[in-house]
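Encoded as structure tokens, the structure appears first; notes follow it.
In what follows, every chain begins at residue 1, and chains take the letters A, B, ... in the order their sequences are listed.
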Amino acid sequence: MIGPDATLLPEGPVPDGPTRASVPRAALSSWRRDHGSALRRRPALWIGLGLLIIATTLAIFGPFVWQHDPNAINILDNLQAPSLAHPMGTDEQGRDVFARVLSGARISLAVGGAVMVAGAVIGCLTGIISALSWGPVDFAFMRVMDSLLAFPPLILAMAVTIALGTGVLTASVGIVLTTIPWYARLVRADVLRIRSLPFYEASEALGASRRRLILRHITPHLSSTLLVQSASVFGYSILALAALGFVGLGAQIPTPEWGAMITDGLQSALTGQWWITVFPGIGLLVVVTGANVVADGLRDLLDPHADV
Amino acid sequence: MRIASFISARLAGALSAMVGASFVAFVVLRVAPGDPARLILGPLADRAAVNQLRHDLGLNGSIAGQYWHFLVNFCRGDWGYSYAQGASVSRLILDRLPATIELALFAFVGAFLSAVLLALLATYHRRRGIDLLVRVLSYVGLGVPQFWLGLVGLIVFFKAARVLPGPEGRLSASASPPPSHTGLYTVDALISGRWTTLGQALLHLLLPALTLGFPIFAFLVRLLRANLLDVRREPFVLVVRSKGIGRWATYVRHVLPNAFLPTLTASGLLLAQLIGGSVLVESVFDWPGLGQLVVGSIQRQDYSVVETFILISAFTYVVVTTLLDMLYGMIDPRVGSKRAT
Amino acid sequence: MSGRVSTLAQVDTVKADTALTVTDLCVDYETRDAVYRAVRDVTFTLRRGQKLGIVGESGCGKSTLALALLGLLEPPARITRGDVVLNGVSLLALGEGELDSIRGRDVALIFQDPMTSLDPVKRIGDQITEGIRRHQPELPRAQIRRRTIELLGEVEIPRPERRVEDYPHQFSGGMRQRALIAIALANNPSVIIADEPTTALDVTTQAQVLELIHRLASDHGAAVVLITHNLGIVAEFCDIVHAMYAGRIVESAPVHSLFRRQLHPYTEGLLAAIPRPEMRGNDLASIPGAPPSLAAIPTGCPFHPRCPVRQDICFRVVPPLEGVKSPDGLLTAECHFAADRYAEFSG
């Protein structure tokens, strides 16, 4: 969980194995980019998407199919190893871990999505406004972004959660705050680049209004950057929420958030009841890795600077 | 003098970031619900004591005044006092710093060396097997929750296989630390020739360092692998080979250095990872470092410690990234040169 | 007089003063989708001290050929047929290590883009020294350094003793190219392969660099294979010219002969496309169409889609190598009508 940007390589996509691209371009002068075949050649992207879709489906429909109440305490049944009745065992209070993992999926996915969207919207707006503004205003905005970026992301999120109180909502606000500068910087750079392109200058010269310029000309070109960055932010925010839950700043027990569940099962894990801690972690691993793989795949597919 | 303007620009940026960060930290923490003085003294203290503390902490002044007070104190090294833990914050932090530094050092060096080794192996031979392994490892490393990884490690190696020590910190309770020179148990043990202590310390470091370093390893190996693959396609590599230099020599002498440069700039992120990660990992292993201090302080609502930690993290991060930036500028002979054609 | 020949090697018997012999060389790119043949049955001989030019448009396989001659092809490219014999030794029979020993010592390469052909983070002097030390490790440091400075002087870099410490970005394009020449010459190779050495330079520098390569090669007794798309520089530089198209050598002739008469319509087109002052006011001549991609080589004669004088047979039958004995020497071309065209030129 290095940061919202960590899974994206600063450079473009990486070639792997001999492909048509290895043959000198001049020699294959009649070859055109074929998105269809590029998609077919990227099994990783499908795996990632598949994982996410499975997780989302389980999250949405799971609790309807699996009827156990994630918060139902049943002391007599506590610390049961995984079995047919409880596929993921029960925790210290006798709550069914599988039900809690399913509920946790809802929380993580929802927060991931919300943070991704909120961060994108706010960061994007900030970036656009900053790039299109008068010099000193732009400068000021970017200094504020720099100040936010001066903090290791987790630390900033922690600070916000301490200030605003614990809970999933405040944790989400803190995480959004850490993603805003990433978006803002990227979008600003993109807008500046677009602004210097001939077609934009032409539109300006023709007298297009600010609003039209932004909506019709800038936003479409931002989409690929935003898409790629958002996939990465999705994964990052889920891990960040879990981390905050782990240190006790995010979700609080009995809320079945995965990070909090891992803390909850800490003591039990070391006395042999590993299932309480392990399963939520697997959930995190699967969902976040899926998101990262998708981010990578999108980057390969959409990067306008790609050479392949 | 391009270099001079380059350096001063970087320094100015760093300074503004630090000032901005201090302001953010100040605002965020002062917004915290509750009366800081009350929080510090606890619910049983009487009102007079609370008011006295409010006065001492300057909480009765204006916001701007408080900020100024706050900043000045911080720069002077007066980081406040923790009533809950009965010591000055600076004392608490300095006491625990060596433990965190030792852990972070081992984690980073281990991650770095393995990343370089694996990236080289994965790209040099073009063998799909190792390459796939490296890519899978890096995905896992970037997607796994660190604290969970540590726990799984403990479950497997401590509980199940019983080969590694449990979450008991730097040494087992019965062992005594070596005479202190640097505060780093491994170094101190090495210096004073306490071989069993050295072994014990290393054994206790193994799992925590692995856990802390794994995401760093994952990030580095991916980056290096991509850079190596990019650089080796550049024309100058063929020119080197045309001189008769062998493949391995070309790789190590020419491709690797060029691949390192972009990695250097990205490494600033890794420090953020180390700082954030140590907060998580130390809790799992009961490692007596800064991270554990912070987590404990949060739980005890001992905000003077947390506040200082937040500021220090930000400052360290800014300083290190700026230094890295300047280092990159000095190492890469192309940066700052006006005559680049 | 005309005669049918199957390979040039049969006519030019291998003599002791032959530096390089290439016989029926084929280089394939083997990818997941298909196999692309970039170099097809290329055959030529290079004598000691001779300057040979290989001319063709981008994509005709010249650069692949250059790499093949040095044994520097990387997967998915591979030599699938034929042989390269350098100073009597077959390169295909050698292992990696042995090839490494030969490169830089017996054969050297001058690359095309000086901006990207030097390691950006190493000093110019070190990059030259590396080559010397590789093949003459027994030499003392001071001597190697002296030799490096000497080389920089030979390639006409002013103040070589100072410039030796510079990094590539401190050199202009022309100077970088000279440094590359110095690297190539460092160990006195018998064969120098120059792949478009002047393409990235401005015209004035082009002339200087070419003259430099020519002079130094002659001084050191090295043979040169000059690969280029620019017929103009071939005239100044080479003794013999081979024209390459779609991976094949479609015409070979001594340079003066080629400029007087072209047996292959492609070469004729290339020459016609060179702008001349007499053409002022008229459109520039060019060969219509574009070179074929490796994935779609035409049947029969690969040039037929663009050939102004194609006949029915050109669509169907691959032209054999036709040879013509002329006062200037043996001329060869892969065209069904080579002999007739020769007659036209002479008659």
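The greatest number of non-hydrogen atom pairs below 4.5 Å with chain A, out of B/V279, B/V295, B/L151, is found for B/L151. Between chain A and the options B/F23, B/Y139, B/W148, the largest number of non-hydrogen pairs under 4.5 Å is found for B/W148. Between chain B and the residues A/A291, A/A242, A/G259, A/G290, the most heavy-atom pairs under 4.5 angstrom are made by A/A242. Most heavy-atom pairs under 4.5 Å with chain B: of the set A/T271, A/T263, A/V287, this distinction falls to A/T271.
Neither the backbone nor the side chain of B/V19 comes within less than 4.5 Å of any heavy atom in chain A. Both the backbone and the side chain of B/S313 come within contact range of chain A, with heavy atoms under 4.5 Å apart. Only the side chain of B/F158 has a heavy atom closer than 4.5 Å to any heavy atom of chain A.
Side-chain atoms of B/Q273 and B/Q146, non-hydrogen and from C-beta on, do get closer than 4.5 Å to each other.
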In residues 274-283 of chain A, what donor-acceptor pairs under 3.5 Å come from side-chain atoms, sequence neighbours left out?
unit_1	atom_1	unit_2	atom_2	d
A/W275	NE1	A/Q80	O	3.0
A/W275	NE1	A/T90	O	3.0
A/T277	OG1	A/G265	O	2.9

Report, one line per pair, each donor and acceptor closer than 3.5 Å where one atom sits in a side chain of residues 137-157 of chain A; sequence neighbours left out.
unit_1	atom_1	unit_2	atom_2	d
A/D138	OD1	A/S130	OG	2.4
A/D138	OD1	A/R188	NE	2.8
A/D138	OD2	A/R188	NE	3.4
A/D138	OD2	A/R188	NH2	2.9
A/R143	NH1	A/D146	OD2	2.2
A/D146	OD1	A/R185	NH2	3.0
A/S147	OG	A/R143	O	2.9

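Contact between B/D131 and B/R225 at its shortest, heavy atoms only, is OD1-NE, 2.7 Å. The nearest pair of heavy atoms linking A/V294 to A/L49 is CG2-N, 3.4 Å.
The pair A/D296-B/R222 meets the salt-bridge criterion, with a side-chain N (NZ, NE, NH1 or NH2) lying under 4.0 Å from an Asp/Glu carboxylate O.
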